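This is a predicted model, so every value here is computed, not measured.
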Amino acid sequence: MEEAKVVETKDGTFSVASGYPGHQEAVQDRDHKFLSKAIEEAYNGVDCGHGGPFGAVVVRNDEIVVGCHNMVLKNTDPTAHAEVTAIREACKKLGKLELSDCEMYASCEPCPMCFGAVHLSRIKRLVYGAQAEAAIAIGFDDFIADALRGTAFYQKVHLEVKRADGNGAIIAEQVFEKTKAKFQMY
C-alpha cells in the first residue's frame, strides 16, 4: 500500500492523499456520521433553551466520548460554547487534560475561544459543518470569522482542520435557518 501524503492546498488548508481505493469515501461517510451527531446536539440545545444552535462531539477510536451543545443560557456562562463544554466533559470522562487521541466534530466553524480550547486540548482533528457566516447571518458577531481567518490560526497549529464535504456541510448550515425563530440572541 502506498503511504498517505499530506498536501497543502492553495487556500492554506491541508488534505490527505491516500493510496488505497475508497479511502476518501470511507472518511467522508465517517465524518458525516459524527458530524450528524454534532448537528443533532445543536438542535437539542435550542429545543431545550440551553443556548445557541451549536453542537459538538468528541470521538476516540471511532466511538463518541461525549456529545454536547451550547449551554450559555442554561449555565449563564458566556464560555459554555458547545466545543468548550465537550472538551470539559471529555476530559472529565477520560480523566486526562489532553485529548491528543481524540477528534472533534462541530456543527459550525469554531470561534476563536473554541478554537483555542481545541488547540490547548491537543485534539488531533477537527471537522466542522457550517461556516461562521451562517451564524453571522442570524446575529452572531462577525468577529468569529475575521479573527480566525485574519490571523491564520489554522495554519500555525499542528491540527488537521477540515470543513465537511457534501451534504454534511449543507445540513449543518440548515440548523441556523431552521432554528432562528426559536433562538433569540437578546
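- A salt bridge does not link E177 with K182: every distance from a Lys NZ or Arg NE/NH1/NH2 to an Asp or Glu carboxylate oxygen is 4.0 Å or more.
- Considering CG of N70 and SG of C48, their distance stands at 12.0 Å, rounded to 0.5 Å.
- Within the model, atoms OH of Y128 and SG of C108 stand 9.0 Å from one another, a figure rounded to the nearest 0.5 Å.
- The distance from the CG atom of N61 to the CD1 atom of I64 is 13.0 Å, given to the nearest 0.5 Å.
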Are H32 and I171 close enough, and set up right, to give a side chain to side chain contact (heavy atoms under 4.5 Å, CB included), and what steps lead you there?
-> CA-CA 10 Å; H32 181 77; I171 294 167; 4.0 Å; yes
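- Atom-to-atom distance recorded for C114:SG and L126:CG is 10.0 Å, nearest 0.5 angstrom.
- Ion pairing between E103 and R125 holds under the 4.0 Å rule for side-chain N and carboxylate O.
- Between A169 and A164, the closest heavy-atom pair is CB-O, 3.6 Å.
- Considering V59, V58, V65 as possible partners of M104, the one that fulfils the side-chain contact (heavy atoms from CB on, under 4.5 Å) test is V58.
- Minimum heavy-atom separation, A80 to N75: CB-ND2, 4.1 Å.
- Counted within 6.0 Å of NZ on K96, heavy atoms from surrounding residues, nucleotides or ligands total more than 12; the atom is thus considered enclosed.
- The nearest pair of heavy atoms linking A117 to V84 is CB-CG2, 4.0 Å.
- Here the closest non-hydrogen pair linking L35 and A106 is CD1-O, 3.3 Å.
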Show your reasoning for whether salt bridge (Lys or Arg N to Asp or Glu O under 4.0 Å) applies to D101 and K124.
-> CA-CA 7 Å; D101 58 347; K124 66 180 177 182; over 6 Å; no
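- No salt bridge links E63 with R60; every basic N to acidic carboxylate O contact stays at or beyond 4.0 Å.
- For the residue pair F176 and A130, the shortest heavy atom distance occurs at CE1-CB, 3.6 Å.
- Hydrophobic clustering (ILVMFWY, side-chain heavy atoms < 4.5 Å, transitive): M71 and V66 are in distinct clusters.
- Of the N and O atoms on the side chains of S121 and R88, not one donor lies less than 3.5 Å from an acceptor on the other residue.
- Atoms SG and CG, from C91 and L99 in turn, are 4.0 Å apart once rounded to the nearest 0.5 Å.
- Closest non-hydrogen pair, A42 versus S107, comes out as CB-OG, 3.9 Å.
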In sequence, state the C-alpha distance, the side-chain angles, and the governing distance for N44 and H69, and then conclude on side chain to side chain contact (heavy atoms under 4.5 Å, CB included).
-> CA-CA 7 Å; N44 185 33; H69 53 260; 3.6 Å; yes
Between Y43 and F54, does a ring pair (Phe, Tyr, Trp, His ring centres under 6.0 Å) hold up when you go through it step by step?
-> CA-CA 8 Å; Y43 280 116; F54 302 94; over 10 Å; no
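- Taken to the nearest 0.5 Å, the CD atom of E89 stands 11.0 Å off from the CG atom of L94.
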